[in-house]
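Notes follow the structure.
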Protein chains: 2
Amino acid sequence: MTVRQDVHSAGIPVLCQSCEARHRGVCGALDPDQLVGLARISSKHTIEPGAELIGDAETVDSYSNVLSGVVKLTKSLSDGRQQIVGLQFAPDFLGRPFKVESAINAEAATAVSLCSFPRASIERMMRESPELEHRLLKQTLNELDEARDWMVTLGRKTAAEKVASFLLMIARNIDPTLDPATNVTSFELPLTRADIADFLGLTIETVSRQLTRLRTDGLIRIENNRHVTVTSLTRLASRSGA
Amino acid sequence: MTVRQDVHSAGIPVLCQSCEARHRGVCGALDPDQLVGLARISSKHTIEPGAELIGDAETVDSYSNVLSGVVKLTKSLSDGRQQIVGLQFAPDFLGRPFKVESAINAEAATAVSLCSFPRASIERMMRESPELEHRLLKQTLNELDEARDWMVTLGRKTAAEKVASFLLMIARNIDPTLDPATNVTSFELPLTRADIADFLGLTIETVSRQLTRLRTDGLIRIENNRHVTVTSLTRLASRSGA
DNA sequence: CGGGGAATTGAATTAAATCAAGAACGGTGG
DNA sequence: CCACCGTTCTTGATTTAATTCAATTCCCCG
C-alpha cells in the first residue's frame, strides 16, 4: 500500500494528491511536471454560502476547479427575474475561457472550496497541452448536453415533473456512485426553495406545494427543510416525465 | 482582384473556395494541405425540409458543416412532448464528438445544404490539429452560452416576451451583418408556428396570438405566413424582456 | 426564549392551455 | 387560370395550472 502510494504520487504536488480534479477533472490532462508548475501558482479557497464568485459583466481573471460544494450559475433579466442556468459540482472547471467578460453570475450555493489559478497561466497551458483543451472540450460538451436536457424540463414539463426531475438530478450529482439498482437515497439539498424555483422557472410556493405532494404521497421524506430522503427513486423517476 | 483571388485560393479545393465554414467555421483551422485531404473525403448534400439528419439514439458516423438553411435540434419526452433545444445556421458544425450516440434529433427546418465527412477522419484530424479542436471548443462554448440564454427565456419570460425574443434571434442569425443601428429588417421565418411553439415552450395558438398582437401593434408585418418584416427592432427589443 | 428569515398552506387571480370553429395559404390537376 | 383539397394558421370561448396575495408555522441562531 505504502509502496503503491509512493509510485503513484511520485512527483505529484501535495496540494493535488487527493484532489478529484486530478482524476475526473481537467487536471487529469497534466503530467507531474505540469502539475508542479500549476500547483505553484494555484491557491485553495473556501467560500461562504451566498458569496459571489463571478459577477455579471465582470472581467474574469482567474479560473477554478470546484473541490467541494455546489456553485450556481445564474442569469437575470433587467427587472430582476432570475434563472439558474447550471449547477457545478466537484470536480467541475469554473470559468468561461476566451471571453474577457462573463455573461453569467456564479455564486456559492453551499460552502464551496475552490482551487484557483490565474487566467493567463491556464490559457498558456492550454496552448501547450492539447490534452488540457481536449478535457475542457469534453466538459463543455457535457454541460451543453445538461443545458439542453434542462431546456426540455423548462419548456415542456409540468411543475410536478420539474420538481421530481430536480430531485433526481441532485441525487445523482451529490452521490455520483449512485447505483441505478438502489431505490433509496438521501442528501442535503444544496439549494433553498427560492433557488429551486429559480432553477425550475417556478415560484417558491409552487415548489413547496409540489414537495409537499411528493411527501404526502410517500415518495420522499423531508427533515429540517433541507434533508431529503428519497424512498423510491423508481417512483420519483416515473413522475419526472422522462 | 483576379490576382488577389489567385493568391488567396492557391491550393484551396474548389469545393471549399466559397465555403463559409472555411472563414467563420471549423475549417478555418485547416491549412491548404489539410483542406485538400478533407475535401477528398467530404461530400455536399442538399436536404429536404423536414428530413431527419440525426435520429435520437442513433449512432452517428458522420459530421457536417451547415452550408445553408436551418437545422433544428430537438429532444422529446416519451409521451411526445417536444422541445427544440437549438437551431444551427451556416457555418455551424453539426454533430456530437466523442459520443457514439446522439441524445438529440436533428432535422432540416428549411432546405439545407451540408458538407459531410466521415466521423473517423474528423476525429483523426482533431488529434493531429489542436487548432481544429480549439475552433470546436469555441463553437461549443458559444452554443452553451446560447442554450443558457434560452433557458432564461424558457424559464422566466412571458409568452409575449418569448415570441419577441424569438423574432430578434432569428433576425440576427439570418442576417449576421445586421447593424445594431438599423431599425428595420425582413426575413423568411425558417420555422412553422408549431416549431416556434416547440422552441418557446408554448402552444401554436399562443404563438399565433402573440404574433397577431405584434402585428396589430405595428411592430411587425407578416406576409404569406412566413415572411416577416420588423418595422422597429428597437420596440421589438423592448418587448423581449432582455 | 424570542426574533427573523425560510417554508408552508390557503384563497383568489390570471396567463396560457385546451377545445372548437373558421380562414388563409400552397400545391395539384383539370 | 381557377377550383379543389389538405395543411397551416388564426380567432374565439372555456378551462386549468400555476401565480399572486396573504397569513401562519417552522427552523435556526443568538
Side-chain angles (χ1 to χ4, degrees), chain A residues 48-50 72 77 79-83 109-111 153-167 188-217 220-228 239 241, chain B residues 48-50 72 77 79-84 107 109-111 153-167 188-217 220-228 239 241:
Chain A
E48 302 280 286
K72 54 181 190 183
L77 299 176
D79 64 358
R81 280 173 288 174
Q82 196 173 70
Q83 176 68 43
T110 64
T153 302
L154 287 171
R156 288 302 184 200
K157 290 190 186 175
T158 65
E161 291 168 337
K162 285 179 178 181
V163 171
S165 304
F166 170 76
L167 292 175
E188 289 297 307
L189 273 180
L191 303 185
T192 65
R193 301 293 188 272
D195 285 337
I196 300 173
D198 281 349
F199 195 67
L200 297 175
L202 299 170
T203 59
I204 53 176
E205 292 94 330
T206 301
V207 170
S208 179
R209 279 185 245 274
Q210 297 303 333
L211 286 173
T212 303
R213 198 150 199 292
L214 290 172
R215 193 158 39 73
T216 57
D217 290 357
I220 61 172
R221 272 182 289 127
I222 303 181
E223 282 136 304
N224 300 341
N225 284 338
R226 291 292 195 110
H227 190 82
V228 175
R239 292 207 187 188
Chain B
E48 301 281 284
K72 53 181 192 185
L77 299 176
D79 64 358
R81 280 173 288 174
Q82 195 173 71
Q83 177 68 42
I84 294 183
E107 188 182 320
T110 63
T153 301
L154 288 171
R156 288 303 185 199
K157 290 189 185 175
T158 64
E161 290 168 338
K162 285 179 178 182
V163 171
S165 304
F166 170 77
L167 291 176
E188 289 300 305
L189 273 181
L191 303 185
T192 65
R193 302 293 188 270
D195 285 337
I196 300 174
D198 282 348
F199 196 65
L200 297 174
L202 299 170
T203 59
I204 54 176
E205 292 95 329
T206 301
V207 169
S208 179
R209 279 185 245 275
Q210 296 303 333
L211 286 173
T212 303
R213 199 150 198 293
L214 290 172
R215 193 159 39 73
T216 58
D217 290 357
I220 61 172
R221 271 181 292 127
I222 302 181
E223 282 136 303
N224 301 342
N225 284 339
R226 292 290 196 108
H227 190 82
V228 175
R239 291 206 186 188

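Here is the naming used below: chain letters follow the sequence lines, and residue numbers restart at 1 for every chain.
- Here the shortest heavy-atom pairing between A:Arg156 and B:Asp198 reads NH2-OD1, 2.9 Å.
- For B:Lys157 and C:dA15, the NZ to P distance is 18 Å, given to the nearest whole Å.
- Here A:Ser208 lies in heavy-atom contact (under 4.0 Å) with a base.
- At the heavy-atom level, B:Leu202 lies under 4.0 Å from the strands shown only through sugar-phosphate atoms.
- Within the 4.0 Å cut-off from OP1 or OP2 of C:dT8, at least one side-chain nitrogen or oxygen of A:Arg193 is found.
- One can place CG of A:Leu191 at 15 Å from C1' of C:dA7, the figure rounded to the nearest angstrom.
- Distance CG (B:Leu211) to P (D:dC9): 10 Å, rounded to an integer number of Å.
- A straight line from CD of A:Glu161 to P of D:dA17 spans 12 Å, rounded to a whole angstrom.
- Side chain of B:Glu205, nearest nucleotide from D:dA18, C:dT9, C:dT18: C:dT18.
- Regarding A:Leu214, its CG atom lies at a distance of 12 Å from the P atom of C:dT8, rounded to whole Å.
- Between B:Ala160 and B:Asn225, the residue whose closest nucleotide on DNA chain C is further toward the 5' end is B:Ala160.
- Residue A:Thr212 has a polar side-chain atom (N or O) positioned under 4.0 Å from OP1 or OP2 of C:dT9.
- For the pair A:Ile220 CD1 and C:dA7 P, the interatomic distance rounds to 14 Å; values are reported in whole Å.
- In the interface, the side chain of A:Arg215 is not paired with the base of C:dT9 through any donor and acceptor atom under 3.5 Å apart.
- B:Thr203 has no side-chain polar atom (N or O) that falls below the 4.0 Å cut-off from OP1 or OP2 of C:dA16.
- Atom NZ in B:Lys162 sits 9.5 Å away from atom OG1 in B:Thr206 (nearest 0.5 Å).
- Along DNA chain D, the nucleotide nearest to A:Glu223 and the one nearest to B:Val207 differ in position, and the one closer to the 5' end is contacted by B:Val207.
- The shortest distance between the side-chain N/O atoms of A:Thr206 and the OP1/OP2 oxygens of D:dA18 is not below 4.0 Å.
- Whole-Å rounding puts the B:Arg209 CZ to C:dC19 P distance at 13 Å.
- Between B:Arg213 atom CZ and D:dT10 atom C1' there is a gap of 16 Å when expressed in whole angstrom units.
- Nearest-nucleotide positions on DNA chain D place A:Gly201 closer to the 5' end than the other of A:Asn224 and A:Gly201.
- Looking at which nucleotide of DNA chain C each of A:Arg226 and A:Arg156 is closest to, the 5′-most match is held by A:Arg226.
- Annotation for A:Arg81: atom CZ counts as buried by contact number, over 12 foreign heavy atoms lying within 6.0 Å.
- A salt bridge does not link B:Arg226 with B:Glu188: every distance from a Lys NZ or Arg NE/NH1/NH2 to an Asp or Glu carboxylate oxygen is 4.0 Å or more.
- Salt bridge A:Asp217/A:Arg239: present, at least one basic N to carboxylate O contact under 4.0 Å.
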